[in-house]
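No hydrogens, no waters, no symmetry mates; every other heavy atom, side chains included, goes into these values. Sequence lines set the chain letters: A, B, ... in the order given, protein chains first and strands last, and positions in each chain run from 1.
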There are 2 protein chains.
Amino acid sequence: MTESTAKKPSRIQLRNRKRIMDAALDVFSQHGYRGATLDQIADAAGMSKPNLIYYFDGKEAIHVALLNALMEKWLAPLAEMGPEGEPLEEMLGYIRRKMEMSRAYPRESRLFANEILQGAPRMRPHLESRLKPLFDEKSALVRGWMDQGRLARSDPAQLILTIWAITQHYADFDAQVRVLVPGEAEGWTAANAHVEAMFRNLLTPKDTGS
Amino acid sequence: MTESTAKKPSRIQLRNRKRIMDAALDVFSQHGYRGATLDQIADAAGMSKPNLIYYFDGKEAIHVALLNALMEKWLAPLAEMGPEGEPLEEMLGYIRRKMEMSRAYPRESRLFANEILQGAPRMRPHLESRLKPLFDEKSALVRGWMDQGRLARSDPAQLILTIWAITQHYADFDAQVRVLVPGEAEGWTAANAHVEAMFRNLLTPKDTGS
DNA sequence: CGCGTTTTTTACCATTTGGTAAAGGCACGA
DNA sequence: TCGTGCCTTTACCAAATGGTAAAAAACGCG
């Protein structure tokens with residue numbers, strides 16, 4: 001609808017839009033929305049500031065475009081968790097994917113963290129329309145597993161929040177983690193091992209006898 | 001040393017410094033360092049911008065003063081955990097205090113979160129000199145408990161990181177939590193219950209038979 | 001090539017923002 | 001009550017920042 005009259009973008013347009021988005025991800029994730037400047041983004045993208053504006057309507061438009069583009073990627077790990085497999089393995093798989101996201105895409109994680117920290121001014125609609133339904137769906141799935149006794153019982157919503165908190169912590173608070181836990185590369189393997197063991201422990205159903 | 005030649009501050013000075021710090025906490029925690037403006041802080045403190053500068057050397061000085069003042073309060077819950085009591089109760093007490101901090105002082109939590117997110121540019125010295133030693137000390141304490149079999153074994157450092165991740169999440173990502181988990185006041189009781197049960201579960205030593 | 005279209009640059013601009021200068025107000029002890 | 005030193009305000013300012021106008025350059029296609 002929004003694009004009904006838009007012509008199809010040229011190769012240059014596509015390439016430059018991507019360059020801008022990548023540069024903006026760098027800058028926004030490092031300095032936050034207000035801390036980022038168009039000049040910084042332009043520099044990082046290797047083009048002039050007015051040239052940025054030629055491709056995007058303005059600073060806010062770039063930010064919103066980033067947020068929109070990232071939302072799907074960000075939800076994917078949770079979306080993939082389905083009722084087909086063994087509950088414990090489905091959950092652990094989800095947790096592993098989430099850890100991998102934090103490791104591989106820390107900029108994206110920090111971009112979201114910045115946005116949420118400031119009250120999600122530009123993302124609340126997305127949270128309500130995309131995140132909430134998925135969250136509710138998966139909460140119900142987990143509750144079902146618990147009801148069947150295939151997963152240790154707890155509050156599914158709180159459980160998912162807990163998973164997010166821990167996995168994202170490694171990306172968002174990287175600066176702190178690095179100070180406290182020396183060793184760069186090994187840091188992740190230790191973190192992965194701990195998180196996996198922890199949730200395996202928590203999620204494995206207790207044999208209730210009978 | 002720094003204050004060797006300073007006169008003792010008057011009553012007005014004390015009062016206004018407090019007003020400024022409180023206002024600055026509001027503004028910085030909501031918008032981040034660069035997102036905050038002196039005008040906003042001045043408004044919130046009910047005084048003029050040059051008057052701010054009369055009491056503090058500038059924007060950065062206010063931010064640093066805030067960070068310094070907050071550090072002690074922030075470390076207190078962990079500092080209080082000592083070797084006297086029963087390990088499980090000591091840990092759960094710590095976790096409860098940390099949750100209470102997030103509930104009672106979300107602005108402080110977000111201020112730190114903002115700072116760490118951006119790489120702790122103004123706080124890294126503090127992290128190294130104050131946080132790291134405490135972290136190492138308490139990690140060792142926890143490891144000792146585990147070695148004695150009085151706490152379930154895991155990586156102490158990762159365990160503490162995990163506690164921070166979860167407890168701070170409720171303050172820092174409040175905007176998201178609110179969208180996902182309806183109910184304001186009850187939210188905290190559900191969160192408290194979940195976190196306590198979770199860590200009790202994790203920390204209780206498994207009877208290894210004999 | 002020739003020419004319309006897309007892309008990029010140069011030169012600006014208005015607003016915001018951190019900060020200053022200096023005069024005025026105010027409190028309070030002698 | 002008068003002056004002295006602490007506090008506050010008014011009037012500014014230079015730099016930074018988001019954004020625009022319009023000319024110049026590059027592209028691509030018949």
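- Looking at heavy-atom distances under 4.0 Å, B/A36 makes contact with sugar-phosphate atoms alone, never a base.
- Note: CG (A/N51) to P (D/dA21) measures 16 Å, nearest angstrom.
- If you check D/dG18, D/dT8, C/dT7 against the side chain of A/Q13, the one that comes closest is C/dT7.
- Among the nucleotides D/dT8, D/dT10, C/dT8, the one closest to any side-chain atom of A/Y55 is C/dT8.
- A distance of 7.5 Å separates NZ in A/K59 from CZ in A/R34, rounded to the nearest 0.5 Å.
- Comparing C/dT8, D/dT17, C/dT9 by their closest approach to the side chain of A/P50 singles out C/dT9.
- Closest-nucleotide positions on DNA chain D for A/G58 and B/L52 were compared, and the one nearer the 5' end corresponds to B/L52.
- Looking at B/R153 and B/D147, a side-chain N of the basic residue comes within less than 4.0 Å of a carboxylate O on the acidic one, giving a salt bridge.
- In the set D/dT9, C/dG19, D/dG19, D/dG19 carries the atom at the smallest distance from any side-chain atom of A/K49.
- Nucleotide D/dT20 holds its C1' atom 13 Å from the CG atom of A/D57, rounded to whole Å.
- B/R15 places its CZ atom 11 Å from the P atom of C/dA27, with the value rounded to the nearest Å.
- Picking from D/dT8, D/dG19, C/dT17 the nucleotide with the shortest atom distance to the side chain of A/R34 gives C/dT17.
- Screening A/R103, A/R97, A/R96 for a side-chain hydrogen bond (donor to acceptor under 3.5 Å, both in side chains) involving A/E100 leaves a single residue, A/R103.
- The nucleotide whose nearest atom lies closest to any side-chain atom of B/T37 is, among C/dT6, C/dG18, D/dT8, C/dG18.
- Of the candidates C/dT20, D/dT20, D/dG18, C/dT20 carries the atom nearest the B/I53 side chain, counting heavy atoms from C-beta on.
- Using a 4.5 Å heavy-atom threshold, the side chains of B/E89 and B/R200 count as touching.
- The residue A/A61 sits apart from the nucleic acid: no heavy atom pair falls under 4.0 Å.
- Here D/dC6 presents its P atom at 16 Å from CG of B/L14, a figure rounded to the nearest Å.
- Of the inter-residue distances, the one linking A/F112 atom CZ with A/Y105 atom OH reads 13.0 Å to the nearest 0.5 angstrom.
- Taking atom CG on B/D39 and atom C1' on C/dT20, their separation rounds to 14 Å, with Å as the unit.
- A/K59 contributes no side-chain N or O that forms a donor-acceptor pair with the base of D/dG19 under 3.5 Å.
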